[in-house]
*Asks:* 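The structure that follows is given in the form of structure tokens.
Both ligands and their constituent atoms are indexed starting at 1 by order of listing. Since this is a predicted model, take the numbers as computed values, not measurements.
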Amino acid sequence: MDFGIRGRNALVCAASKGLGLGCAVALAKEGVNVTITARGAEVLEQAAAKIRAEAPGVTVKTVAGDITTEAGRQQALDAAGQIDILVNNAGGPPPGNFRDWGREDWIKAVDANMITPILLIKAVVDGMAARKFGRIVNITSSAVKAPIPILGLSNGARSGLHGFVAGASRQVTKDGVTINNLLPGRFLTDRLKQTIGAQTGKAGAELEAEFEKQAASIPAGRFGTAEEFGQVCAFLCSVQAAYMTGQNVLLDGGNYPGSF
Ligand code: NAP
């Protein structure tokens, strides 16, 4: 299926590896020019090279910076130019015990996983509406639907973003702009390795065995891949998905057991 977005321009935040990179690759394979960001310049350039190799012909720009800062966001917006597609992403907050978190920890989590995507949406949405096309996908977490106690900062901060998106998405969709949240369950990335390591206190061979056990416990029998995550993101950005907005799309291999 042709997703009808060839020649469009995307800003994909936090995309030098993992789920963000999966989204950038999938969009580029649909002919979308991508601007990708991350803090570490070296890995970011490696990611850009991978995208260019897998999707020859598209323009790939890189912006090294912290997307959770005002300066990082402005640099990314300036480099990307006209943005038709925005994929919001940033590193997730650290796991821990809520008794250990103070105001600064909460401000940091809310800044990264709620306020940053809201400010980026605000920066691009009116231009998209004026041009009658826009796609915004926020990478959040299945923890919004089924909170994971050790990830309290993530559960809380991301829920705020979901509340905002539920309202804002309805205010812009008449003008061809959709805003959806894409909720990963467990995907085999560096972040998952850190989270499972922190949750279980295991390392080395023990951690590998824990990985196998957890993967087998998912109805799909495995962790997800960044590639398949990216392909669903690309679909949400397609012309075919124009009537789909304000949705929380759970991608978890059937792990969430409820009907709704
Ligand atoms: P990952 O493999 O660790 O990749 C994170 C990417 O984000 C890297 O490219 C990293 O590069 C970049 N990044 C992190 N903080 C940044 C910042 N402040 N500014 C710019 N770039 C930044 O993580 P992932 O698994 O893809 O996770 C992506 C998001 O999905 C996270 O919020 C995570 O919590 C959430 N999530 C993941 C899973 C999962 O199973 N993987 C499940 C639920 C939710 P630099 O470090 O160089 O900046």
*Asks:* Under 4.0 Å between a side-chain nitrogen and a carboxylate oxygen: does that hold for Glu228 and Arg222?
*Replies:* yes

*Asks:* Output the list of atoms in ligand 1 that are nearer than 4.0 Å to some heavy atom of Phe187, sorted by atom number.
*Replies:* 39 (C), 40 (O), 41 (N)

*Asks:* I need the nearest protein heavy-atom contact for atom 46 (O) of ligand 1: residue, atom name and distance, please.
*Replies:* Arg39 NH2, 2.9 Å

*Asks:* Which one of Ala15, Gly40, Gly224 has a non-hydrogen atom at the shortest distance from atom 47 (O) of ligand 1?
*Replies:* Gly40

*Asks:* Could you check Leu120, Asn138, Asn9 and say which one makes a side-chain contact (heavy atoms from CB on, under 4.5 Å) with Leu86?
*Replies:* Leu120

*Asks:* Looking at Asp66, which atoms of ligand 1 are within less than 4.0 Å of one of its heavy atoms?
*Replies:* 17 (C), 18 (N), 19 (N)

*Asks:* Considering only the protein, which heavy-atom contact is closest to atom 23 (O) of ligand 1, and what is its distance?
*Replies:* Arg191 CB, 3.3 Å

*Asks:* Tell me the protein heavy atom at minimum distance from atom 37 (C) of ligand 1, and give that distance in Å.
*Replies:* Leu19 CD1, 3.9 Å

*Asks:* Would you mind running through ligand 1 and noting each atom that sits below 4.0 Å from a heavy atom of Arg186?
*Replies:* 40 (O)

*Asks:* Can you see which heavy atom on Cys23 is nearest to which on Ile139, and at what distance?
*Replies:* SG-CD1, 4.0 Å

*Asks:* Go through the side-chain N and O atoms of Gln214 and Glu210 and say whether any donor and acceptor fall under 3.5 Å apart.
*Replies:* yes

*Asks:* Do you know the tightest heavy-atom contact between Ile83 and Ile85?
*Replies:* CG2-O, 3.2 Å

*Asks:* I'd like the name of whichever of Ala112, Gly18, Ala14 reaches closest to atom 13 (N) of ligand 1 through any heavy atom.
*Replies:* Ala14

*Asks:* Nearest heavy-atom pair of Ser169 and Ala166: which atoms, and what distance?
*Replies:* OG-O, 3.4 Å

*Asks:* Should Ala38 be counted as touching ligand 1, given the test is an N or O pair under 3.5 Å?
*Replies:* no

*Asks:* Ligand 1 versus Ser16, non-hydrogen atoms closer than 4.0 Å: side chain, backbone, both, neither?
*Replies:* both

*Asks:* Go through ligand 1 atom by atom and flag the ones less than 4.0 Å from a non-hydrogen atom of Gly65.
*Replies:* 19 (N), 20 (C)

*Asks:* For atom 19 (N) of ligand 1, what's the nearest protein heavy-atom neighbour? Residue, atom name and distance, please.
*Replies:* Ile67 N, 3.0 Å

*Asks:* Would you kindly specify which portion of Asn89 sits under 4.0 Å from ligand 1, judged on non-hydrogen atoms: side chain, backbone, both or neither?
*Replies:* side chain

*Asks:* Below the 3.5 angstrom mark, is there an N/O of Ile139, backbone or side chain, next to an N/O of ligand 1?
*Replies:* no

*Asks:* Taking all non-hydrogen atoms of both residues, which atom of Val177 and which atom of Ala129 are closest, and how far apart?
*Replies:* CG2-N, 3.7 Å

*Asks:* What protein heavy atom sits nearest atom 42 (C) of ligand 1, and how far off is it?
*Replies:* Gly185 O, 2.9 Å

*Asks:* Consider ligand 1: state whether an atom of it lies below 4.0 angstrom from any non-hydrogen atom of Ala47.
*Replies:* no

*Asks:* With a 4.5 Å cut-off on side-chain heavy-atom distances among I, L, V, M, F, W and Y, is there a chain of contacts connecting Val249 to Met1?
*Replies:* yes

*Asks:* What part of Lys193 sits under 4.0 Å from ligand 1 if we count only heavy atoms: the side chain, the backbone, both or neither?
*Replies:* neither

*Asks:* Any protein heavy-atom neighbour for atom 29 (C) of ligand 1 (distance below 4.0 angstrom)?
*Replies:* yes

*Asks:* So, for Leu11 and Ala76, which heavy atoms are closest and what is the spacing to 0.1 Å?
*Replies:* CD1-CB, 4.1 Å

*Asks:* Counting each atom of ligand 1 from 1 as listed, which ones have a heavy atom of Ala90 under 4.0 Å away?
*Replies:* 29 (C), 31 (C), 32 (O)

*Asks:* Surrounding NZ of Lys108 (heavy atoms of other residues, nucleotides or ligands, distance under 6.0 Å), is the total greater than 12?
*Replies:* no

*Asks:* Between Asn181 and Leu183, which heavy-atom pair has the shortest distance, and what is it?
*Replies:* O-CD1, 3.5 Å

*Asks:* If hydrophobic clusters are built by linking Ile, Leu, Val, Met, Phe, Trp and Tyr wherever their side-chain heavy atoms come under 4.5 Å apart, do Met114 and Ile67 end up in the same one?
*Replies:* yes

*Asks:* Do any nitrogen or oxygen atoms of Gly92 come within less than 3.5 Å of a nitrogen or oxygen of ligand 1?
*Replies:* yes

*Asks:* Ignoring angles and geometry beyond distance, decide whether Thr37 reaches within less than 3.5 Å of ligand 1 through its nitrogen or oxygen atoms.
*Replies:* no

*Asks:* Please answer whether the main-chain N or O of Val60 pairs with a side-chain N or O of Arg52 as donor and acceptor at a distance below 3.5 Å.
*Replies:* yes

*Asks:* Do Ile179 and Ile118 belong to the same hydrophobic cluster, where Ile, Leu, Val, Met, Phe, Trp and Tyr are linked whenever their side-chain heavy atoms lie under 4.5 Å apart, directly or via other members?
*Replies:* yes

*Asks:* Going by distance only, is there an N or O of Lys17 that falls short of 3.5 Å from an N or O of ligand 1?
*Replies:* yes

*Asks:* Check if Val43 has a non-hydrogen atom at a distance under 4.0 Å from any atom of ligand 1.
*Replies:* no

*Asks:* What do we get for Leu44 next to ligand 1 when only non-hydrogen atoms under 4.0 Å count, side chain, backbone, both or neither?
*Replies:* neither

*Asks:* Just going by heavy-atom distances, which of Thr189, Thr195, Thr116 is nearest to atom 2 (O) of ligand 1?
*Replies:* Thr189

*Asks:* Would you say Val232 and Val165 are hydrophobically clustered, going by side-chain heavy atoms of ILVMFWY under 4.5 Å?
*Replies:* no

*Asks:* Please check whether Arg158 reaches ligand 1 - meaning an N/O of the residue sits under 3.5 Å from an N/O of the ligand, judged on distance alone.
*Replies:* yes

*Asks:* Could you tell me if any non-hydrogen atom of Gly22 lies under 4.0 Å from any atom of ligand 1?
*Replies:* no

*Asks:* Against heavy atoms of Thr68, which atoms of ligand 1 measure under 4.0 Å?
*Replies:* 18 (N)

*Asks:* Could you state whether Leu19 and Ile196 fall into the same hydrophobic cluster, counting links through intermediate Ile, Leu, Val, Met, Phe, Trp or Tyr residues with side-chain heavy atoms under 4.5 angstrom apart?
*Replies:* no

*Asks:* For Lys132, I'd like to know if atom NZ has over 12 heavy atoms of other residues, nucleotides or ligands within 6.0 Å.
*Replies:* yes

*Asks:* For atom 36 (N) of ligand 1, what's the nearest protein heavy-atom neighbour? Residue, atom name and distance, please.
*Replies:* Pro184 CG, 3.8 Å

